[in-house]
2 protein chains.
Amino acid sequence: MNVTFKDVAKLANVSTQTVSRVTNGSPNVAEDTREKVNAAIKQLGYIPNKGAQLLGRAKSKMIGLVTGELLLHGASMVANGIRKQSSELGYGTSLSVVSEHSMDKVTDALNDLKAQRIEFIILNIPLNKEESEMLVEQYPGIHFVFVDVPPSAKVNAVYAANYDGAVKAAEYMVLTQRKRFLFITGPNESSASELRVQAWKDVLKKHPDIEIIDQLEGDWQARSGYARTHEALCDGCSFDCVMVGSDQMALGVLRALSEFNLSVPQQVSVIGFDDTFDSAYFYPPLTTIKQDFLTIGKRAVSLAVNMENQDVTEAHHETIKTEIIERKTVQPYQQTQNNKTQIRELLKQAEQLLGE
Amino acid sequence: MNVTFKDVAKLANVSTQTVSRVTNGSPNVAEDTREKVNAAIKQLGYIPNKGAQLLGRAKSKMIGLVTGELLLHGASMVANGIRKQSSELGYGTSLSVVSEHSMDKVTDALNDLKAQRIEFIILNIPLNKEESEMLVEQYPGIHFVFVDVPPSAKVNAVYAANYDGAVKAAEYMVLTQRKRFLFITGPNESSASELRVQAWKDVLKKHPDIEIIDQLEGDWQARSGYARTHEALCDGCSFDCVMVGSDQMALGVLRALSEFNLSVPQQVSVIGFDDTFDSAYFYPPLTTIKQDFLTIGKRAVSLAVNMENQDVTEAHHETIKTEIIERKTVQPYQQTQNNKTQIRELLKQAEQLLGE
DNA sequence: GTGAGTGATGTTTTCGGAAACATTTTGTTT
DNA sequence: AAACAAAATGTTTCCGAAAACATCACTCAC
């Protein structure tokens, strides 16, 4: 029915095995034979059958990715990095999105990948230490790389420098003389979120005059950032600074603050985490900790593929650095007196309105 | 090496074909045999080999999706709808992301899907009429469904009601007495974008006192919305209203306007398109046209699968309705005099700053 | 009681490649 | 030119499931 190997072999007047050698780029093929075969392939529009390849081949040349919701900036960018690096290294990718955080769904996804005889799997979902170690044990022969998972000697992983990044954020806030902190964190099950909170706390507890007003759990999305902040304000919380676990949540935070007529950064400073494409266009533009998601994805692939060649003596860990991006939602101390500019701007706006 | 069919058959003391019948849910299997086989499968941890299935089976039971960048809200949500509906109908999905708009990449992706013997393919990328028709011809036997592609009798497609939605947006603006319009559109190659612009123009040309100041092309992302608006303002353009092709671009538009001290919605009204999760948290919350992306994805799958059973006499088209979401970036006429409230707020903010 | 129909199961063949192994051709060395 | 290595190509077998076909046991009708 479909064009196959044999058709190509017949047309090029060679054996099927030679065709196979050409399609797989074997070096031991004469140049003119190769050309002849390639011409036949092109002429017939031959497309190899993945099923047959998978069945006949020892290795699948595929990298599996199990990830959370791709709407999230981080997950999506990591996936992009993985796709990019995989294709660079000559691997295909098979994607499995696990929306809910349930181990059943994860094992379903893993079985599906195993059914494709995929031997490299990158997991970018929140997992605790036990879960990640269990998976490695449960699927022997599969090379796992985890993203942002609690450190474990048994498990290969790539991390953003969550702790370091969060330290930078907290120290930056301390420098600007903020005293009353509100935390809006990512989901508690996320190791990345946990590390960031820990870093914030570690920095702040060095300063006895600083108070942590509250710590509220969000789901990375703007909606939750808004809801938590709104609740806190309704409860009469008073804070001069919000540490937020993601830029998207920070968007919601900014909105809630603006509804309560709290000016950012004068009355309340806000810092995010991620540096999404949008965050530079928030009102005001968001100061945040940049993560290099693309590199995280790329390194995860490289790590996975290298595992094959190396001794599995020890698990590899790799940390991708973060960077603070200074924009307009945190006001450095020395600028505090600069409110005049702000006031002048507000008055100008008022005048313009009057002029209409 | 791996657990296979034969192992299961041996353990359950049946033939391999019986195992096959059980795994495929054939009705002609005795109840106790079925149980025996299932027990053996479970005991051995048997996972079917996708390659062998693909090779041995006539149909692949898979739906392929070729989509643009999943960072975009629309693409990501459509993909979610497709995954959901596919698994509901018992199909797997294979995803292929095409970042650049290049037909070569598209045919690469298509060939990859064809290599998996996938017979249902949904394309969610900007394509012109010729391109879509060409693909249908070039890949006979494959059931294509296109998303937001120019209407063609030869091509099955699912659309958002782009034209209707854009009409609503334009009429809403007209109602609020806006006179000088700026368009920030999506990429020109996008049929959806084109339709929206056409709708805007069709509505506005009924009103001779309305002027279209400029029409600028963006890439759906905030950055481009910001850049285009910024450029327009630097060029000295004067407008009281911006029609924007996507919410993300609208975010950039809002930022640019705020940098020029133009108040939204008093001096300039802005309306977006999409209703992304974030848009409710913009400053001010964005008035926009909501698209039901999830349904678009779901309907695309249903359409594809139904094509198999029906005569291919005529292409099917389906339109998913849009809805206007009124928030705060468009000011209805009767509220224009309400500026006092706004001014009072600004003055209050100024006072607060002075009090610090 | 015999033949037809039917449900449950077994046997054989097939899918399309790739690995393992065998063979031929070419090139190099002495 | 003989000897042998290396490169190029061919032949056979196998991967793991599903389809096609074959068989068998049983029920029911006449």
Side-chain angles (χ1 to χ4, degrees), chain A residues 1-38 40-41 44-62 90 92 111-112 114-119 141, chain B residues 1-38 40-41 44-62 90 92 111-112 114-119 141:
Chain A
M1 179 186 82
N2 249 306
V3 180
T4 110
F5 234 89
K6 276 186 199 148
D7 305 321
V8 175
K10 201 186 291 173
L11 180 63
N13 202 27
V14 295
S15 73
T16 59
Q17 185 54 22
T18 301
V19 178
S20 171
R21 276 193 268 261
V22 171
T23 56
N24 290 305
S26 158
N28 294 340
V29 182
E31 201 46 49
D32 55 343
T33 311
R34 188 188 305 280
E35 275 167 26
K36 216 167 46 177
V37 171
N38 278 328
I41 286 175
L44 295 173
Y46 165 74
I47 296 174
N49 183 318
K50 277 263 170 67
Q53 287 187 322
L54 204 54
L55 191 56
R57 198 164 1 211
K59 321 207 154 189
S60 74
K61 280 299 236 178
M62 292 272 279
N111 287 342
D112 191 77
K114 204 180 168 192
Q116 297 176 57
R117 297 301 178 261
I118 289 179
E119 64 241 288
Chain B
M1 181 185 81
N2 249 305
V3 180
T4 116
F5 235 91
K6 276 186 199 149
D7 305 320
V8 175
K10 201 186 292 173
L11 180 63
N13 202 29
V14 295
S15 74
T16 59
Q17 184 54 21
T18 302
V19 178
S20 170
R21 277 192 268 260
V22 171
T23 56
N24 290 304
S26 157
N28 294 339
V29 182
E31 201 45 50
D32 55 342
T33 311
R34 187 187 307 277
E35 277 167 25
K36 218 166 46 178
V37 172
N38 277 328
I41 287 175
L44 295 172
Y46 165 74
I47 296 174
N49 183 317
K50 277 261 170 66
Q53 288 187 322
L54 204 55
L55 190 55
R57 199 163 3 210
K59 321 207 152 184
S60 74
K61 280 299 238 177
M62 292 273 278
N111 287 341
D112 191 76
K114 203 179 169 191
Q116 298 175 57
R117 298 300 179 260
I118 288 179
E119 64 240 289

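Reminder, nothing fancy here: chain letters follow the sequence lines and each chain counts from 1.
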For the pair made of [atom1] in [X] and [atom2] in [N], what is the distance, rounded to whole Å?
X: A:Phe5; N: D:dT13; atom1: CZ; atom2: C1'; value: 15 Å
X: A:Lys36; N: D:dA8; atom1: NZ; atom2: P; value: 14 Å
X: B:Lys6; N: D:dA18; atom1: NZ; atom2: P; value: 14 Å
X: A:Arg21; N: D:dA7; atom1: CZ; atom2: C1'; value: 10 Å
X: B:Lys59; N: D:dA19; atom1: NZ; atom2: P; value: 11 Å
X: B:Arg117; N: D:dA17; atom1: CZ; atom2: P; value: 19 Å
X: A:Lys50; N: D:dA17; atom1: NZ; atom2: C1'; value: 19 Å
X: A:Lys10; N: D:dT9; atom1: NZ; atom2: P; value: 20 Å

Report task. Establish whether the base of C:dA19 is bridged to the side chain of A:Gln17 by a donor-acceptor pair shorter than 3.5 Å. Result ->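 Between C:dA19 and A:Gln17, which were checked side chain against base, a qualifying N/O pair under 3.5 Å is present.
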Query - Side-chain heavy-atom pair A:Arg57, A:Asn24 within 4.5 angstrom cut-off - result: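 A side-chain contact under 4.5 Å exists here.
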Query raised in the report: Is there a side-chain contact between B:Arg21 and B:Thr18 (heavy atoms, below 4.5 Å)?
Result: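 Counting from C-beta outward, B:Arg21 and B:Thr18 do come under 4.5 Å.
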Could you pull out the closest heavy-atom pair between [X] and [Y], with the gap in Å?
X: A:Asn2; Y: A:Asp7; result: O-OD2, 3.8 Å
X: A:Lys114; Y: B:Ile47; result: CD-CD1, 3.7 Å
X: B:Ile118; Y: B:Ser60; result: CA-OG, 3.5 Å

Contact under 4.0 Å: [X] side-chain N or O vs [N] OP1/OP2:
X: B:Ser20; N: D:dG16; result: no
X: B:Thr4; N: D:dA17; result: yes
X: B:Thr18; N: C:dG10; result: yes
X: B:Arg57; N: D:dA17; result: no

Indicate, with a heavy-atom threshold strictly under 4.0 Å, whether [X] touches base, sugar-phosphate, or nothing.
X: B:Asn28; result: base
X: A:Thr33; result: sugar-phosphate
X: A:Val19; result: nothing
X: A:Gln53; result: sugar-phosphate

Query raised in the report: Out of D:dA18, D:dA17, C:dG16, which has the shortest distance to the side chain of B:Pro48?
Result: D:dA17
**Report entry** Side chain of B:Asn24 (C-beta onward), nearest among D:dT11, D:dA18, C:dG16
**Finding:** D:dA18
Report task. For A:Ile47 and for B:Glu31, locate the closest nucleotide of DNA chain C by heavy-atom distance; then report the residue assigned to the nucleotide nearer the 5' terminus. Result ->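 Looking at the nearest nucleotide for each, B:Glu31 comes out on the 5' side.
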